[in-house]
Colleague: 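The structure follows.
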Amino acid sequence: MPFLQGLYYEDHGRGDAVLLLPGWAGSITDLDRLRGELATGFRVVAADLPGCGRSQPQPRSYTADFYADDARTFLALLDHLGIGSAHLVGFSDGGETALLMAALEPARALSVVTWGAAGQVIAPADGFGPLERLLDEPTPLLLPLAAYLAEAYGPENARAMAKSWAGALRTIVESGGDISRSQAAGISCPSLLVVGADDQHCPAPVVRELAEAIPRGRFVEVPGVGHDVHHAAPGMFLPLVLDWLEDH
């Protein structure tokens with residue numbers, strides 16, 4: 001499959017382009033069900049975030065500018081593929097990147113769809129230490145993530161990427177936490193922001209505030225689920241996203 005400067009992506013289908021981005025440490029396989037639903041009506045470009053999935057480098061050294069770096073990387077991918085504009089669809093960190101792409105170059109976004117993204121980094125109640133020590137001292141809440149990282153990347157790489165990512169997030173919070181929130185008024189495309197009511201990483205009130213700051217923003221809160229809405233409530237999530245993309 002193709003790579004662009006270490007970036008792994010797959011490009012299938014015909015129609016309006018959809019750039020599909022998974023969350024941190026995930027891969028495009030995590031979004032296979034959504035990809036399948038989109039396959040018949042859209043050109044779907046699914047890509048692993050830099051340093052995640054099959055994209056390089058691994059382990060990645062994260063800096064406080066990594067969201068902006070990733071947004072520019074994916075805008076360059078659209079250029080490479082000859083795509084002038086696309087629907088930007090992303091989960092968690094992939095959603096943060098999609099929002100920032102729409103803020104940086106509004107004309108490139110037909111619409112934005114995110115879930116588990118807030119336009120800013122929210123500090124965990126217990127700080128970033130547990131994330132930095134994720135592989136060696138996982139909390140009960142983070143134990144599944146620790147196990148996944150160790151299996152997917154190997155303990156050494158997983159340890160390094162978690163420590164670096166958490167350190168970058170801490171630095172962003174110390175600088176005010178902003179990713180795209182300060183630029184929300186400049187996101188001119190229709191934007192659908194979805195969040196689980198029980199999302200502990202991305203609080204629903206913060207997402208609602210961002211949606212209200214985007215001129216054509218729409219907010220949807222899914223009751224009874226957490227961060228991974230696409231897995232926890234596919235019966236509601238998939239029709240919502242498909243209807244949105246077909247209408248925009």
Colleague: How does the hydrophobic cluster around Val206 look, that is, which other residues are in it when side-chain heavy atoms under 4.5 Å mark a link?
Modeller: Ile122
Colleague: I want to check something: taking the side chain as every heavy atom from C-beta on, are Phe42 and His12 in contact at a cut-off of under 4.5 Å?
Modeller: no
Colleague: Please check this pair: side chain of Ser175 against backbone of Thr171, looking for a donor-acceptor N/O pair closer than 3.5 Å.
Modeller: yes
Colleague: Thinking salt bridges, do Lys163 and Asp136 make one under a 4.0 Å N-O criterion?
Modeller: no
Colleague: State, yes or no, whether a side-chain contact exists between His87 and His248 at a heavy-atom distance under 4.5 Å.
Modeller: yes
Colleague: What side-chain donor-acceptor pairs closer than 3.5 Å can you find for residues 31-39, not counting sequence neighbours?
Modeller:
unit_1: Asp32; atom_1: OD1; unit_2: Arg35; atom_2: NH1; d: 3.2
unit_1: Arg35; atom_1: NH2; unit_2: Glu10; atom_2: OE1; d: 2.6

Colleague: When Ile, Leu, Val, Met, Phe, Trp and Tyr are grouped by side-chain heavy atoms lying under 4.5 Å apart, directly or through other members, which residues fall in the same group as Val121?
Modeller: Trp24, Tyr62, Phe66, Tyr67, Leu100, Leu104, Phe128, Leu131, Leu134, Leu135, Leu142, Leu145, Tyr148, Leu149, Tyr153, Met161, Trp165, Leu169, Ile172, Val173, Ile179
Colleague: Is there a donor-acceptor contact under 3.5 Å from the side chain of Arg108 to the main chain of Gly84?
Modeller: yes
Colleague: Just so I know, are the side chains of Leu193 and Val220 near enough to count as touching, which here means a heavy-atom distance under 4.5 Å?
Modeller: no
Colleague: Between Arg43 and Asp11, does at least one N-O distance fall below 4.0 Å, as a salt bridge requires?
Modeller: yes
Colleague: List the atom of Gly116, the atom of Cys202, and the distance in Å for their closest heavy-atom pair.
Modeller: C-SG, 3.5 Å
Colleague: Compare all side-chain heavy atoms of Pro130 with those of Glu137 and state whether any distance is below 4.5 angstrom.
Modeller: no
Colleague: Would a 4.5 Å heavy-atom cut-off, applied to side chains only, mark Leu110 and Cys189 as touching?
Modeller: no
Colleague: Please answer whether the main-chain N or O of Ala109 pairs with a side-chain N or O of Ser85 as donor and acceptor at a distance below 3.5 Å.
Modeller: no
Colleague: Quick one: pull up CD in Gln56 and CG in Leu7 and give me the separation to the nearest 0.5 Å.
Modeller: 10.5 Å
Colleague: Are more than 12 heavy atoms, taken from residues, nucleotides or ligands other than Glu174, located less than 6.0 Å from that residue's CD atom?
Modeller: yes
Colleague: Among pairs that include at least one residue of residues 169-217, which meet ring-ring contact (aromatic ring centres under 6.0 Å, His included), considering only residues two or more places apart or in two chains?
Modeller: His201-His227
Colleague: Is any side-chain heavy atom of Thr114 closer than 4.5 Å to a side-chain heavy atom of Leu99?
Modeller: yes
Colleague: Any side chain to side chain donor-acceptor pair (under 3.5 Å) involving residues 232-244? Give me the pairs, sequence neighbours left out, ordered by first then second residue.
Modeller: Ser111-Trp244
Colleague: What side chain to side chain donor-acceptor pair (under 3.5 Å) pairs are there with at least one residue in residues 213-223, not counting sequence neighbours?
Modeller: none
Colleague: Please answer whether the main-chain N or O of Ile28 pairs with a side-chain N or O of Asp48 as donor and acceptor at a distance below 3.5 Å.
Modeller: yes
Colleague: Can you check whether Leu240 reaches Leu238 side chain to side chain, under 4.5 Å on heavy atoms?
Modeller: no
Colleague: Any sub-3.5 Å donor-acceptor pair from Thr73's side-chain atoms to Asp69's backbone N or O?
Modeller: yes
Colleague: Quick one: does Leu88's side chain get under 4.5 Å of Phe74's, heavy atoms only?
Modeller: no
Colleague: Got a donor-acceptor contact below 3.5 angstrom from the Asp178 side chain to the Ser182 backbone?
Modeller: yes
Colleague: If only atom types and distance count, is the side chain of Asp65 paired as donor or acceptor with the main-chain N or O of Ala68 below 3.5 Å?
Modeller: no
Colleague: Restricting to non-hydrogen atoms, name the atom on Val222 and the atom on Ala233 that form the minimum distance, rounded to 0.1 Å.
Modeller: CG1-CB, 4.1 Å
Colleague: Count the heavy atoms belonging to other residues, nucleotides or ligands that lie under 6.0 Å from CD of Glu246, then report whether that count exceeds 12.
Modeller: yes
Colleague: Between the side chain of Ser164 and the main-chain N/O of Ala160, is any donor-acceptor distance below 3.5 Å?
Modeller: no
